Amino acid sequence: MFSLLVNIPADANWAQNGVTVAAGNGGGGATNQLYRPYGLFVDDDQTVVIADFWNHRIMQWKNGDTTNGQVVAGSNGQGNGLHQLDRPSDVLIDKETDSLIICDYGNQRVVQWSRRSGATQGEILTDNINCWGLAMDEQRYLYVSDDRKHEVRRYKLGEKNGTLVAGGNGEGDGLNQLNRPYYLVVDRQQNVYVSDRDNHRVMKWNKGAKEGIVIAGGQGKGSALTQLYYPKGLFVDTLGTVYVVDEQNHRVMRWTQGDNKQGTVIVGGNGPGAGANQLYFPCGLSFDRHGDLYVVDYGNERVQRFSIEKDL
């Protein structure tokens, strides 16, 4: 996603109480439910598309319709048919082709699925990859994290092998290594940002670099402002500010560029729970063009929107 196109003021604050914009009716397979959701994508019209992991489907919620979502891919049982998904972990919208690009994690493949009505199956873009996270740059190159090979590759749509752009030196915590890379963001210069989950840090790999730079965390797992504990969803704005889901601390943090020593908590951090000001093992993260924050609240099986506070 081109997250760098979202302008968020450096001193922005968000409402501490979130509003449920998708699901929140307990875990299940009905159209008003999610079951262990992971990644999400927010379109220009605030349509929210969610990887509904254990329902083996992709769900879409239109802005304002919080009652029922719509199945837009999968939901034909767990399997490897072209009409099926198996534990999808991330999704994005390719506006050029009006299609979804899906990390079909359980099938070790990336698939493309038309958003036009009547589409009943997807096509495989690349397979034999333990894909977890996806991103696309302005040139429409696709970036995919492989959480078993501990690497990120860039693909031209249609090519099978891709180019290594981060990690690829085995599991580890060296600057040239990753350990369970999860979610991704790519900026206009094709620099890659990765939530390096089991290293409890966020890494930035400049285009063509052989090693990355730690831009958040990296101080071991913990709950101090200098630490992350299983970072997941990731976003970077036009200023280069990093927003990251700190899963085990049930919070979302902001780390400003140049100050990678400590972050600030922007929402959550009030212990695990189902209150409007709480999160419970949050995962995915995105912003809309207005700067409102969307968080996949995995443990509560809902998506929460936290409104950016406008200056009066």
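Small disclaimer: the values here were computed from a predicted structure and weren't measured. Computation of the quantities below employed the complete heavy-atom set of this structure, encompassing side-chain atoms and omitting hydrogens, waters and symmetry-equivalent molecules.
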Heavy-atom pair with the smallest gap, counting every atom of [X] and [Y]:
X: I101; Y: D94; result: CD1-CB, 4.0 Å
X: E301; Y: A23; result: O-CB, 3.5 Å
X: H83; Y: T120; result: CB-O, 3.4 Å
X: D196; Y: P231; result: O-CG, 4.1 Å
X: M59; Y: T31; result: CE-O, 3.7 Å
X: L40; Y: L285; result: CD2-N, 3.3 Å

Beyond-backbone contact of [X] with [Y], side-chain heavy atoms, under 4.5 angstrom:
X: I308; Y: P9; value: yes
X: T241; Y: I8; value: no
X: W132; Y: Y38; value: yes
X: L293; Y: I266; value: yes
X: V194; Y: L184; value: yes
X: D104; Y: V110; value: no
X: W113; Y: I58; value: no
X: V295; Y: V252; value: yes

Discussion item. Grouping I, L, V, M, F, W and Y whenever their side-chain heavy atoms are under 4.5 Å apart, do V42 and V19 come out in a common cluster?
Written reply: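 Result: no, two separate clusters.
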
Discussion item. Same cluster or not: L164 versus L142, using hydrophobic residues (I, L, V, M, F, W, Y) connected whenever any side-chain heavy atoms lie under 4.5 Å apart?
Written reply: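 Hydrophobic grouping puts L164 apart from L142.
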
Hey, what do you get for [atom1] ([X]) to [atom2] ([Y]), rounding to the nearest 0.5 Å?
X: H150; Y: N169; atom1: NE2; atom2: CG; answer: 11.5 Å
X: T163; Y: R154; atom1: OG1; atom2: CZ; answer: 5.0 Å
X: R302; Y: Q33; atom1: CZ; atom2: CD; answer: 14.5 Å
X: E123; Y: R109; atom1: CD; atom2: CZ; answer: 11.5 Å
X: Y105; Y: H56; atom1: OH; atom2: NE2; answer: 14.0 Å
X: D86; Y: N80; atom1: CG; atom2: CG; answer: 8.0 Å

Discussion item. The test is side chain to side chain contact (heavy atoms under 4.5 Å, CB included); show your working for I93 and L100 and say whether it passes.
Written reply: CA-CA 5 Å; I93 294 172; L100 302 168; 3.9 Å; yes

Item to complete: Go through R115 and D43 one step at a time and tell me if the salt bridge (Lys or Arg N to Asp or Glu O under 4.0 Å) criterion holds.
Response: CA-CA 13 Å; R115 296 180 77 203; D43 204 0; 3.6 Å; yes

For [X], check salt bridge (charged side-chain N to carboxylate O under 4.0 Å, His left out) against everything at least two apart and list the hits.
X: R305; value: none
X: D65; value: none
X: D147; value: R180
X: D90; value: none

Worksheet item: By side chain to side chain contact (heavy atoms under 4.5 Å, CB included), which residues pair with A22, not counting sequence neighbours?
Response: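 Only I50, W61, V303 meet the side chain to side chain contact (heavy atoms under 4.5 Å, CB included) criterion with A22.
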
For the pair [X] (side chain) and [Y] (backbone), establish whether a donor and an acceptor sit closer than 3.5 Å, ignoring hydrogens and angles.
X: D246; Y: L228; value: no
X: S145; Y: G133; value: yes
X: W14; Y: G291; value: yes
X: D146; Y: K149; value: yes
X: Q60; Y: V72; value: no
X: H250; Y: F281; value: yes
X: S195; Y: K232; value: yes
X: N107; Y: L85; value: no
X: N55; Y: R57; value: no
X: D297; Y: L279; value: no

Discussion item. Whether E138 and R140 form a salt bridge (side-chain N of Lys/Arg under 4.0 Å from carboxylate O of Asp/Glu) is what I want to check.
Written reply: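 Salt bridge absent between R140 and E138.
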
Counting only pairs under 3.5 Å, give me each side-chain donor-acceptor contact of residues 124-131, with atom names and distances, residues two or more places apart or in other chains.
| from | atom 1 | to | atom 2 | distance (Å) |
| --- | --- | --- | --- | --- |
| T126 | OG1 | K160 | O | 3.1 |
| N130 | OD1 | Q108 | NE2 | 3.1 |

Discussion item. Under 4.5 Å side-chain heavy-atom separation, chaining through any Ile, Leu, Val, Met, Phe, Trp or Tyr, what else clusters with Y229? Say none if it is isolated.
Written reply: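 So far as hydrophobic clustering goes, Y229 is joined with Y230.
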
Discussion item. I'd like to know whether the aromatic ring centres of Y298 and Y280 sit less than 6.0 Å apart in this structure.
Written reply: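 They do not qualify: ring centres at least 6.0 Å apart.
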
Item to complete: May I ask you to check whether Y243 and F287 place their ring centres under 6.0 Å from each other?
Response: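 F287 vs Y243: aromatic centres under 6.0 Å.
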
Give a yes-or-no answer on whether the side chains of [X] and [Y] include a donor-acceptor pair shorter than 3.5 Å.
X: T97; Y: Q112; result: yes
X: R201; Y: Q219; result: no
X: Q190; Y: D137; result: yes
X: N249; Y: S223; result: no

Worksheet entry | Distance under 6.0 Å and angle within 45° of ring axis: R36 vs F53 |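 Because its charged atom misses either the 6.0 Å distance or the 45° angle limit, R36 does not stack over F53.
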
Item to complete: Give the C-alpha distance, both sets of side-chain angles, the deciding distance and a yes or no for ring pair (Phe, Tyr, Trp, His ring centres under 6.0 Å) between Y193 and W205.
Response: CA-CA 6 Å; Y193 299 77; W205 290 64; over 10 Å; no

Who are the side chain to side chain donor-acceptor pair (under 3.5 Å) partners of [X], not counting sequence neighbours?
X: Q46; value: N63, D288
X: R254; value: none
X: E159; value: none
X: R289; value: none

Discussion item. For Y35, is the OH atom crowded, meaning more than 12 foreign heavy atoms sit under 6.0 Å from it?
Written reply: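 Not buried by this count: 12 neighbours or fewer within 6.0 Å.
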
Worksheet entry | Pairwise side chain to side chain donor-acceptor pair (under 3.5 Å) hits with a residue in residues 16-30, at least two apart |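 Found T20-Q304.
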
